[in-house]
*Asks:* 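The following block contains the structure, expressed as structure tokens.
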Protein chains: 4
Amino acid sequence: MNERSPTLIPDTGRGNQAAILNAALEAFGEKGFYGASMRDVARGAGTSLSNLYNYFPAKADLLAALLRMANDELLSRIQAAVDGAGRRASDRLRAAVVAHVGFVVDHQVASLVALSEIRYLTGVARKRVVAARDSTQGLYEEIVAAGSASGEFATPYPDDAARNIVSMCAAIATWYHPGGRLTPEQLAGQHAHYALALLQGPL
Amino acid sequence: MNERSPTLIPDTGRGNQAAILNAALEAFGEKGFYGASMRDVARGAGTSLSNLYNYFPAKADLLAALLRMANDELLSRIQAAVDGAGRRASDRLRAAVVAHVGFVVDHQVASLVALSEIRYLTGVARKRVVAARDSTQGLYEEIVAAGSASGEFATPYPDDAARNIVSMCAAIATWYHPGGRLTPEQLAGQHAHYALALLQGPL
Amino acid sequence: MNERSPTLIPDTGRGNQAAILNAALEAFGEKGFYGASMRDVARGAGTSLSNLYNYFPAKADLLAALLRMANDELLSRIQAAVDGAGRRASDRLRAAVVAHVGFVVDHQVASLVALSEIRYLTGVARKRVVAARDSTQGLYEEIVAAGSASGEFATPYPDDAARNIVSMCAAIATWYHPGGRLTPEQLAGQHAHYALALLQGPL
Amino acid sequence: MNERSPTLIPDTGRGNQAAILNAALEAFGEKGFYGASMRDVARGAGTSLSNLYNYFPAKADLLAALLRMANDELLSRIQAAVDGAGRRASDRLRAAVVAHVGFVVDHQVASLVALSEIRYLTGVARKRVVAARDSTQGLYEEIVAAGSASGEFATPYPDDAARNIVSMCAAIATWYHPGGRLTPEQLAGQHAHYALALLQGPL
DNA sequence: AATGAATGAGGATTCATTCAT
DNA sequence: CATGAATGAATCCTCATTCAT
């Protein structure tokens with residue numbers, strides 16, 4: 001909960017809600033959606049099993065809430081970074097990637113859960129999360145398209161490149177260890193470099 | 001089982017073993033390791049629940065067998081491709097990526113399962129699969145290192161670049177649809193391009 | 001639950017706990033630990049299978065609880081009887097045997113289960129029950145040793161004699177039928193006689 | 001299989017029958033009738049699961065065969081010992097007990113199984129084993145009755161005393177350890193003493 | 001005799017969820 | 001809001017047994 005990590009899960013004032021969500025995040029992160037039980041969540045949240053249902057009517061709603069928050073936060077971070085960047089597409093892209101990597105590092109577990117447990121969402125909840133994810137990718141596509149139009153980028157496959165940028169950023173969650181060889185800032189810088197590299201024309 | 005898809009699961013002669021593995025692959029792919037039940041697998045294999053246990057003493061052994069096969073096949077495909085390529089690092093890298101993408105496309109479900117269900121493996125089984133995965137990445141690292149030494153590549157972070165190449169190839173399994181906009185060959189070519197792009201020096 | 005049979009299983013207030021223990025006792029007594037299923041116990045207790053696990057986390061815990069109660073009650077009955085008897089070792093022994101036989105008759109099924117199902121206990125639970133059993137035998141050994149020292153008894157093998165006394169009392173559970181030829185009191189008197197007879201010197 | 005232990009299980013010449021019975025004895029002794037599985041028995045006998053059924057059509061038949069053999073051997077050993085003893089009831093009783101204890105020590109596991117697993121026998125098989133057991137006790141009752149008639153014994157409860165003699169001998173199986181404090185011969189002598197002690201009149 | 005494959009019933013246990021308080 | 005008790009369905013897995021070879 002430091003400066004770099006504005007809390008993902010809002011303190012709603014409703015006593016245990018945040019504790020429950022945090023416990024669910026941890027449980028899903030450790031054992032997966034099916035592997036984690038509501039009892040695990042209750043234990044982690046320090047409340048009773050039945051009390052969970054006063055906040056979330058079903059297990060899937062816990063996952064849905066988690067994924068919605070994660071995607072919203074990711075999207076708004078990237079959006080804000082892009083808005084604060086200059087006109088040039090490369091600057092905007094760099095800002096987006098730096099924000100993206102920052103989010104993954106700040107909320108690694110949430111990123112991991114968002115990556116691997118979305119499949120267990122169904123119906124409306126799933127559609128909303130997928131839409132948010134698409135919005136994120138859309139941001140990248142816009143930047144790439146603008147850069148292509150302006151001649152800054154030369155990639156023959158703008159949308160595919162955008163997707164790969166997202167993949168690379170998301171994949172960080174699967175291997176990152178705090179305190180590793182690279183600082184978060186270095187990691188972000190590195191990935192900004194990769195993103196720009198992907199947008200080059202034929203070599 | 002066409003030319004592009006040498007069977008992942010060997011026909012052992014033991015009647016149902018292949019059927020069981022295929023059913024498990026399908027079930028794990030669709031519902032995840034915990035989400036799929038042994039009944040699902042039995043149904044898919046056209047045998048009785050209890051008979052599964054004559055072939056695999058535990059559910060986790062099914063997953064372990066699947067992941068071992070997938071990783072072995074991926075590794076040997078890439079190895080063969082690299083061995084058959086020329087001397088130049090860029091040619092070798094291109095061959096590796098093309099083989100990699102080919103595998104993911106041929107065995108998309110297995111690739112997806114290998115990507116997302118490995119976490120449910122424990123003990124020795126997990127170690128073996130992780131080692132196989134590391135071997136694959138090691139292949140890329142060798143190629144990148146050789147190319148860096150020869151001056152073909154200029155990336156300042158060779159190992160990180162190798163990891164991102166693997167991430168991009170693996171991620172294909174999460175979105176690819178046969179019959180989509182790109183043929184498998186185009187997809188492979190595109191990713192070979194991305195791989196080389198990642199290895200550029202400062203832009 | 002009459003005067004002669006102060007309840008073995010305490011009414012804890014927790015609604016079903018006593019019912020579950022009683023049902024388990026009956027089931028284990030009738031079919032043995034492995035032969036009885038948790039479904040049998042649930043049926044006997046008039047509750048659902050899954051609800052059993054709110055009270056006892058495993059089948060073995062049911063057995064452990066049962067055996068602990070039986071041994072505790074046996075030990076405290078004998079202890080109380082001995083404490084209430086006079087100084088003479090023969091009086092104390094007689095009191096112990098009478099109490100022992102009384103327990104076996106009052107709680108025949110529990111005695112039988114304690115005799116034959118203890119083998120299915122493992123780990124700490126087993127150790128505790130074995131210790132309680134040894135305590136009971138220790139009571140007899142003390143009495144016999146005291147009587148030997150005072151010259152009341154002349155047996156050349158005091159500890160072996162004590163063990164046989166216990167064996168004889170315990171064995172009653174394997175054949176006793178309420179309403180048989182002997183009243184419980186006669187049976188107790190008879191066994192008190194046997195116990196003293198065992199302590200004779202060379203004939 | 002030394003001189004003191006003429007094999008309980010006859011070598012029928014039918015290849016594996018003896019091995020199967022021995023494995024069943026060991027398995028039932030270790031885990032109990034329900035706790036041991038036919039797979040355990042097959043493994044112990046070094047044969048296949050299905051081959052068991054060529055020798056014994058059901059699991060219960062294995063137990064029945066075992067118990068029949070054990071009881072037959074016990075009975076015939078006691079019978080022979082009594083027949084070889086002199087006229088005096090005390091000599092005959094002593095001989096019976098010595099033979100009885102010898103059997104329990106020689107075939108401790110079988111004795112234990114006979115003691116504790118008979119409950120899992122049903123129907124005719126059970127009746128036959130119970131009858132054999134009653135015959136053994138009958139032998140003791142005859143001796144005691146004869147000794148009572150002749151004035152050698154003075155017990156007021158001849159049949160109950162006989163039962164207790166049997167109980168004491170049988171109980172040896174539950175605690176005996178080869179190489180313990182007492183040699184088998186000492187143990188036998190001790191129990192002969194106890195048996196005679198039980199037959200004394202009022203002390 | 002001997003075996004490997006097969007099966008239906010049932011084993012203990014855990015699940016998400018509900019309800020009365 | 002909060003809880004403990006309760007439940008039916010489902011979990012993985014093992015069972016004794018059968019059958020074709």
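Numbers restart at 1 for each chain; the letters A, B, ... are given by sequence-line order, proteins then strands. Remember, it's a predicted structure, so these values are computed and weren't measured experimentally.
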*Asks:* Looking at B:S37, does any N or O in its side chain come under 4.0 Å of the phosphate oxygens OP1/OP2 on F:dT11?
*Replies:*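 Yes, such a contact exists.
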
*Asks:* With distance as the sole test, does C:N51 use its side chain to make a donor-acceptor pair with the main-chain N or O of C:S48 at under 3.5 Å?
*Replies:*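 Answer holds: no.
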
*Asks:* Can you tell me the distance, in whole Å, between the NZ atom of B:K31 and the P atom of F:dA10?
*Replies:* 11 Å

*Asks:* For the residue pair B:F33 and B:F28, does the interplanar ring angle fall in the parallel (under 30°), tilted (30 to 60°) or perpendicular (over 60°) class?
*Replies:* perpendicular

*Asks:* Look at D:N16 and E:dA2 and indicate whether a side-chain polar atom (N or O) is within less than 4.0 Å of OP1 or OP2.
*Replies:*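 Yes, because at least one side-chain N or O of D:N16 sits under 4.0 Å from OP1 or OP2 of E:dA2.
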
*Asks:* Find the distance C:Q17:CD to F:dG4:P and express it as a whole number of Å.
*Replies:* 15 Å

*Asks:* Taking any heavy-atom pair under 4.0 Å as a contact, classify A:A36: base, sugar-phosphate, or nothing.
*Replies:*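 Sugar-phosphate contact only.
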
*Asks:* Sort out the partner of E:dG10 for me: Watson-Crick or G-U wobble, both distances under 3.5 Å, none otherwise.
*Replies:* F:dC13

*Asks:* How many Å lie between NZ on A:K59 and P on E:dT14, as a whole number?
*Replies:* 15 Å

*Asks:* For the pair made of CG in C:L49 and C1' in E:dG11, what is the distance, rounded to whole Å?
*Replies:* 10 Å

*Asks:* Rounded to whole Å, please give me the gap between CG in B:N54 and P in F:dT17.
*Replies:* 17 Å

*Asks:* Among the nucleotides E:dT18, F:dT17, E:dT14, which one has an atom lying closest to any side-chain atom of C:S50?
*Replies:*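 Of E:dT18, F:dT17, E:dT14, E:dT14 is nearest to the side chain of C:S50.
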
*Asks:* Taking only N and O in the side chain of B:Y34, is any of them less than 4.0 Å away from OP1 or OP2 of E:dC15?
*Replies:*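 No, no such contact exists.
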
*Asks:* Answer yes or no: does a side-chain N or O of B:N51 lie under 4.0 Å from OP1 or OP2 of E:dA6?
*Replies:* yes

*Asks:* I want to check one thing: is the phosphate of F:dT7, taken as OP1 and OP2, less than 4.0 Å away from some side-chain N or O of C:T47?
*Replies:*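 Looking at the OP1 and OP2 atoms of F:dT7, one of them is under 4.0 Å from a side-chain N or O of C:T47.
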
*Asks:* Decide, yes or no, whether a salt bridge links A:R119 with B:E117 under the criterion of side-chain N to carboxylate O below 4.0 Å.
*Replies:* yes

*Asks:* Write down the partner of E:dA16 under the Watson-Crick or G-U wobble criteria, each distance required to be under 3.5 Å.
*Replies:* F:dT7

*Asks:* Whole angstrom is fine here: how far is it from CG in C:L52 over to C1' in E:dC15?
*Replies:* 16 Å

*Asks:* Measure CE/B:M38 against P/E:dG8 and give the value in whole Å, please.
*Replies:*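 Interatomic distance, CE of B:M38 to P of E:dG8: 16 Å.
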
*Asks:* Donor-acceptor pair, A:D72 side chain versus A:M69 backbone, under 3.5 Å?
*Replies:*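 A pair under 3.5 Å: no.
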
*Asks:* Would you mind reading off the distance between B:D61 atom CG and F:dC12 atom P, rounded to a whole angstrom?
*Replies:* 14 Å

*Asks:* Could you check which nucleotide pairs with E:dT21 in any of the strands shown, counting Watson-Crick or G-U wobble with both distances under 3.5 Å?
*Replies:*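 E:dT21 is paired with F:dA2.
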
*Asks:* Which is more 5' along DNA chain E, the nucleotide nearest C:R39 or the one nearest B:S48? Just name the residue.
*Replies:*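 Result: B:S48.
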
*Asks:* Could you check which of F:dA6, E:dA16, E:dA6 has an atom nearest any side-chain atom of A:Y53?
*Replies:* E:dA16

*Asks:* Measuring only between side-chain heavy atoms, which start at C-beta, is A:L62 closer than 4.5 Å to A:M38?
*Replies:* yes

